[in-house]
Amino acid sequence: MPSLTYQQIYELLTTVRDERRIHANTATRVGEAMLALLAYIANAPYLRKDQADATNYLLSLLAGAVVGESGQIRLNPDGSISCKRLVVEGSAIFNELVINHQNVLEGDTYFTDKGIIENIVFLGDRQFRIELRKLYENDRVTFHTYDVLKCAMNNLDLGRTYRTSWMRVDSVDLDANSIDVTLYDNEDVPGGVNYAPEVTARMIRWGNQVDPDRQQVFFVSSKDGRFLFLQGVTQPILTDGNYAAFFGVPPQLDILKDLPLNARQPYVFARGIIYQDLIRVDYQGNPYYSPRDLGTWDSEHQYIRGYDETARGYFVDRVWWGGCLWQAAVTKPTIGREPRYNNTDWVCLLGGKNMTLEIWSTEGDAFAAGSSWNTTLMAELWNAEMQIAEAEIGRQNIVWQRISEDTAGDVAWNIQHAQGTVGLQLPVSSEADVPQPWSAKSKVNFVCSVLLPEVGTTPITADYTIIG
């Protein structure tokens, strides 16, 4: 029987239902109605649950949808899609892209003109016509004539190697979204080998042979570990002059080879730097204090070793005092306390080892035989132009020795005047401290030694001779 429409089947079944005549609904009549219903169901315009099916009309799933036995894909009523993996054969356009926690970029990321090769026609003599893929309806090629292009193709091997193609743009066809290019010779490209371009490969503008505005490119290299900005690029092979700026591990440039750089540490290189605050730190993050020479020490000035709010930087102050150059050793040296040998607020940079010891006698150095006399030997220690007091030295660091022809007497005297028992002033008398008898031409030598551990291990010495 011919196929009936939904309305015809509805009317047929309604007639069977409403029939009032006796024996009118024969088995044939009822059977034909049921067969017509089954035939309609077999070809009905409804989605099937028991076999593969399709529809040419809009399907609205108001509560969402689940794809896959385990629900690998979920179309949610709020418009979101949940899936484990998304493969886009063409281009994907996002009004907003949110990366959860972290985004990882592998290889090199360029910020310049780009294109994806859709088709390649060989024109002969290293020339090709390249059709570029349109990523959206109004997408147009942005390359210009004389652009230098770099095209990298992944080998997809275990070594993650790649082939690179270098070419120059000869002409641009905006309507066809294509470019005609010429490959560079092998000797004109990095590595010495230039490969032909391949379909699906990505190409970027590396520079331009004639247009200065198109001779720069900025890119980030995860392989080399640096941000790099190139300028004046007119060919595939770079020169030192093309490196306008970089941040990260320094490239191997002739202009850098004689500098004391650490090849594993990041550096910043640029023609100029504009900054408000410059804070230098060492490799452990400790601030570097810039030396600041403030001239002669001022007893009313507050010197620092730290951060200066006014100058907005870390400084260590230096002053000149007593013929020496001093540097602040603490955050704020005590105001009014001068820099000197035993002042721990300061450290001496110049003149600290310029120590001299002088001895003089209060009553002269010649004493007549047969007379009774007394004198005091005065030892004075000088640090450049500053005299160091005994309290600053410490008596335990001072020792006197007697030297004369009376060896036994010298030993006894030295034991009696052992180290630390006499300061910088040594009383000497004719009865107790010189060889006996004291006669004409008698002579005795007194040696003073001062040990300053901060200065060194060698004592500072001076001697004084008394004669008869």
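Everything numeric in this text was worked out from a predicted model, so none of it was measured.
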With distance as the sole test, does [X] use its side chain to make a donor-acceptor pair with the main-chain N or O of [Y] at under 3.5 Å?
| X | Y | answer |
| --- | --- | --- |
| Q209 | T145 | no |
| R280 | Y288 | no |
| S60 | L62 | no |
| N186 | N194 | yes |
| D282 | N286 | yes |
| D317 | I304 | yes |

For the residue pair [X] and [Y], what are the closest heavy atoms and their distance?
| X | Y | value |
| --- | --- | --- |
| P197 | M167 | CB-CE, 4.0 Å |
| C448 | L357 | O-CD2, 3.4 Å |
| Y162 | K223 | OH-CE, 4.3 Å |

More than 12 foreign heavy atoms under 6.0 Å from [atom1] of [X]: is that the case here?
| X | atom1 | answer |
| --- | --- | --- |
| E137 | CD | no |
| Y146 | OH | no |
| R74 | CZ | no |
| D50 | CG | yes |
| L349 | CG | yes |
| Y110 | OH | yes |
| Q396 | CD | yes |

Checking W321, Y303, W326 against W346 for ring-ring contact (aromatic ring centres under 6.0 Å, His included), the one that qualifies is Y303
From CA spacing to verdict: side chain to side chain donor-acceptor pair (under 3.5 Å), W297, E338: CA-CA 8 Å; W297 174 71; E338 65 174 341; over 6 Å; no
Six-ring centre of Y289, R305 cation under 6.0 angstrom, axis tolerance 45°: yes
Specify whether [X] and [Y] have parallel, tilted or perpendicular ring planes, treating 30° as the upper limit for parallel and 60° as the lower limit for perpendicular.
| X | Y | answer |
| --- | --- | --- |
| F122 | F128 | tilted |
| F229 | F218 | tilted |
| W166 | W206 | perpendicular |

Any donor-acceptor pair under 3.5 Å linking the side-chain atoms of D147 with those of N208?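 D147 and N208 do have a side-chain donor-acceptor pair below 3.5 Å.
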Do we see a donor-acceptor contact under 3.5 Å between the side chains of W382 and N354? no
Between [X] and [Y] (salt bridge meaning N to carboxylate O under 4.0 Å), is one present in this structure?
| X | Y | result |
| --- | --- | --- |
| E19 | R17 | no |
| D139 | R133 | no |
| E118 | K134 | no |
| D185 | R126 | yes |
| D180 | R129 | yes |

Are L149 and V169 close enough, and set up right, to give a side chain to side chain contact (heavy atoms under 4.5 Å, CB included), and what steps lead you there? CA-CA 7 Å; L149 304 184; V169 178; 3.5 Å; yes
Are K150 and P236 side-chain neighbours, meaning at least one heavy-atom pair lies under 4.5 Å?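 No, their side chains stay 4.5 Å or more apart.
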Nearest 0.5 Å please: distance from the CG atom of D345 over to the CZ atom of R340. 13.5 Å
Inter-residue atom distance S449.OG - Q401.CD, 0.5 Å rounding: 6.0 Å
List the steps and the verdict of side chain to side chain contact (heavy atoms under 4.5 Å, CB included) for T15 and R29. CA-CA 10 Å; T15 300; R29 186 180 185 187; 2.8 Å; yes
How far apart are the C-alpha atoms of T296 and V319, what are their side-chain angles, what is the distance that settles it, and do they pass the side chain to side chain contact (heavy atoms under 4.5 Å, CB included) test? CA-CA 5 Å; T296 304; V319 296; over 6 Å; no
Mind running side chain to side chain contact (heavy atoms under 4.5 Å, CB included) on I179 and M203 for me, showing each step along the way? CA-CA 12 Å; I179 55 176; M203 55 176 51; 4.0 Å; yes
